[in-house]
There are 2 protein chains.
Amino acid sequence: MTTTKTKGATALPLNTILSGDCIEVMNSLPEASVDLIFADPPYNLQLKGQLHRPDNSQVDAVDDHWDQFSSFGVYDQFTRAWLKAAHRLLKPNGAIWVIGSYHNIFRVGSALQDAGYWILNDVVWRKSNPMPNFRGKRFTNAHETMIWASKSEGGKYTFNYEALKALNEGIQMRSDWVLPICTGHERLKDENGDKAHPTQKPESLLHRVLIGSTNPGDVILDPFFGTGTTGAVAKMLGREFIGIEREESYRKVAEKRISKVRKFDREALEVSASKRAEPRVPFGQLVERGMLRPGEELYSMNQRHKAKVRADGTLVGDNVKGSIHQVGAHLENAPSCNGWTYWCFKRDGKTVPIDILRQQIRAEMHN
Amino acid sequence: MTTTKTKGATALPLNTILSGDCIEVMNSLPEASVDLIFADPPYNLQLKGQLHRPDNSQVDAVDDHWDQFSSFGVYDQFTRAWLKAAHRLLKPNGAIWVIGSYHNIFRVGSALQDAGYWILNDVVWRKSNPMPNFRGKRFTNAHETMIWASKSEGGKYTFNYEALKALNEGIQMRSDWVLPICTGHERLKDENGDKAHPTQKPESLLHRVLIGSTNPGDVILDPFFGTGTTGAVAKMLGREFIGIEREESYRKVAEKRISKVRKFDREALEVSASKRAEPRVPFGQLVERGMLRPGEELYSMNQRHKAKVRADGTLVGDNVKGSIHQVGAHLENAPSCNGWTYWCFKRDGKTVPIDILRQQIRAEMHN
DNA sequence: GTTCACGCTGAATCCGCCC
DNA sequence: GGGGCGGATTCAGCGTGAA
């Protein structure tokens, strides 16, 4: 364990996982001593019954005792308390990241603003592989929200603009990040082979956060350390960390994990960058965007068939409804059909393939 | 202007733009009369000074008087007031959408929860063409957040799952939507050629909202109507709207805009329907109608189990009697089972799913 | 070694009608 | 209004094991 002396007499316990309630522990540390705080607090999910997948398997829900709050009021009180303790710990030019979902993030954001933090961005983590909505009752919950805020208005926070631009193939980093959830070898297991923590975050997420908003040698505090993703990535990237975690089982897993981490070689950084296929464009987007009107007629390439566009991006032809591909296949009596190259529309008397419109959308997406 | 009578004496001013303060106007309308509210309230941007692009051109900022609030407290008070008035207007199974940015969305989300609304999703509008961050001091602000909430927990909100899935080429719609901002011909200009409204929303966004969470004929209220995107898309899609807007200049632009909109054909507005909407066919009817004989054997889809049909439309298998669903669930040791897709019968040596017979009956019912 | 089929799982506020 | 029960509902990625 490394320690450093600060202005006061108290030493800062660097690269250590402290046990106990995060508010008490934070209050025991010296003020204005931390460069960045990354916090992944309980989400207060308020789950009710059980959920099964369509194949009848059961979803392993997050129903741990630490995520139980009896009301929004109680959750707010908890949130305001830890945010206040965190505020005291931050250096004047320090900053904080907090991650959450719609269950809690609005409470957290309001509390941040009320506590004097100054929001810099909200950043959306778009999951490339989220869990679907199994009952078809809502949108797939495909993202989580992170709030990035400085200690106060006018704080000179760290922002490594060029490094982030480089990470993003030369284009300014946006407020929406597409990253996969934590699975496979990265997902830590307990001795029974079950997941060690129900909500382990991917290292790629922390990588981007730390590259973007800290410098080597900075001190990063994580008051809800869990299995220590923040500590592991901080160590890789040559930053110092302080973790706080109440549950002994998580602390043990984190200790072991971080002990195995080696500080990064430069080259390993580049790996995750590329791998980009042409983005999929749903036909429905042509309708939503007014490129084709509901009710408009499409003509088959061979001019033998026509069909009408509906508001939801399906087609209706003679005795058949469905996607551009399904209707094309049916009309041609073929096992399958690429609707993009099969259908045309008319503009100014000319017949134009609908694929032209898809190419327009893709061109915009590359910008 | 169309009006309808509701339970009370007050008429509902459909397809009209009402002038005045939205809270007062909402309080003058009959309670429980609206199916959906779409609200794009002031964002409370708190901009300071002028912003210039790298080429020294000046950014036309949103600095209108209606976006000025002296503190979070004042903004909260305003937010709670209009959300309360909106809550009263909603039918029990109604829902609301509110759009905002990190400046205000956390205040709005907390206020929604405190007012008894029940959040269903937060949806991220990911802009394909956002304005860059010219100073390189933060992430490109590339998204806005929408909150979708029902009037209360347990409300039977409208969700056109199948239509949204169709819009997305057969894959469940996610909580992140990629759509371009409103530019080009769609962007309304005033007589000087300047943009008529600083924050006009794209019609594609409203298209998806209205297709997904309303049905034709539903009443949609927009208390911050601006230049009337909600009204224009509602009219196209065969929905009724009520707009409220304080500024006369915006009302005039909106009136003119909506008068030019034409409703799509009825056929184009019909949308992919859910199987849940299909009439229920009791399994017993297959036996009554002689499509299956009492005593005949059914086989499970996986060929591992069989059961015998009884005259009352129940099945009897190894040690188990009951409905097609109950017997299937028991044999598979599953919490539930859809008997219609689980069981097959034999005809001319071929194995045929019993759902084929249900489809025959439904086809007859449609005639 | 390679490919393919299949199984498993992930921060989830996840049903609705009829009696 | 509460209980019973019919029956509708999933995407991407990783790991395993057979071919």
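Each chain gets a letter, A, B and so on, in the order its sequence line appears, and its residues count up from 1.
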Requested in this report: Look at the side chain of Y102(A) and decide which nucleotide, out of dT10(D), dC14(C), dA12(C), has an atom nearest to it.
Outcome: dA12(C)

Query - Near-parallel close stack of W118(B) and dT13(C) base (under 5.5 Å, under 30°) - result: yes

Requested in this report: Verify the ring-centre separation between Y157(B) and W118(B): is it less than 6.0 angstrom?
Outcome: no

Report task. Determine, using ring centers only, whether H197(A) and Y250(A) are less than 6.0 Å apart. Result -> yes

Query raised in the report: Across the strands shown, which category fits R358(B) at heavy-atom distances under 4.0 angstrom: base, sugar-phosphate, nothing?
Result: sugar-phosphate

Requested in this report: Indicate syn or anti for dT9(D), taking the glycosidic torsion and treating anything within 90° of 0 as syn.
Outcome: anti

Query raised in the report: Which listed nucleotide (dT13(C), dG10(C), dA8(D)) is nearest to the side chain of H103(A)?
Result: dT13(C)

Query raised in the report: Hey, does P130(A) reach any base, or is it just sugar-phosphate, or nothing, if we go heavy atoms under 4.0 Å?
Result: base

Query raised in the report: Paired with dG2(D): which nucleotide, if any, by Watson-Crick or G-U wobble criteria at under 3.5 Å for both distances?
Result: dC19(C)

Query - Any donor-acceptor N/O pair under 3.5 Å between dA8(D) base and S274(B) side chain - result: no

Report task. For F224(A) and dA11(C), give me the distance from atom CZ to atom C1', rounded to whole Å. Result -> 15 Å

Report task. Could you tell me which nucleotide pairs with dG7(D) by Watson-Crick or G-U wobble geometry, both distances under 3.5 Å, or answer none if nothing does? Result -> none

Query raised in the report: Heavy atoms under 4.0 Å, any strand shown: does P41(A) hit a base, just sugar-phosphate, or nothing?
Result: base

Query raised in the report: For the ring pair F134(A) and H52(A), is the centre-to-centre distance below 6.0 Å?
Result: no

Query raised in the report: Taking the six-membered ring where the residue is Trp, are the ring centres of Y299(B) and F345(B) under 6.0 Å apart?
Result: no

Query raised in the report: Using a cut-off of 4.0 Å on non-hydrogen atoms, how would the nucleic acid contact of T183(A) be classed: base, sugar-phosphate, or nothing?
Result: sugar-phosphate

Report task. Describe the nucleic acid contact of K48(A) in one word from base, sugar-phosphate, nothing, applying a heavy-atom distance below 4.0 Å. Result -> nothing

**Report entry** P spacing across the pair dA12(C) / dA8(D), given as an integer number of angstrom
**Finding:** 26 Å

Query raised in the report: For E162(B), which contact category applies under a 4.0 Å heavy-atom criterion: base, sugar-phosphate, or nothing?
Result: sugar-phosphate

Query raised in the report: Hey, does I119(B) reach any base, or is it just sugar-phosphate, or nothing, if we go heavy atoms under 4.0 Å?
Result: base

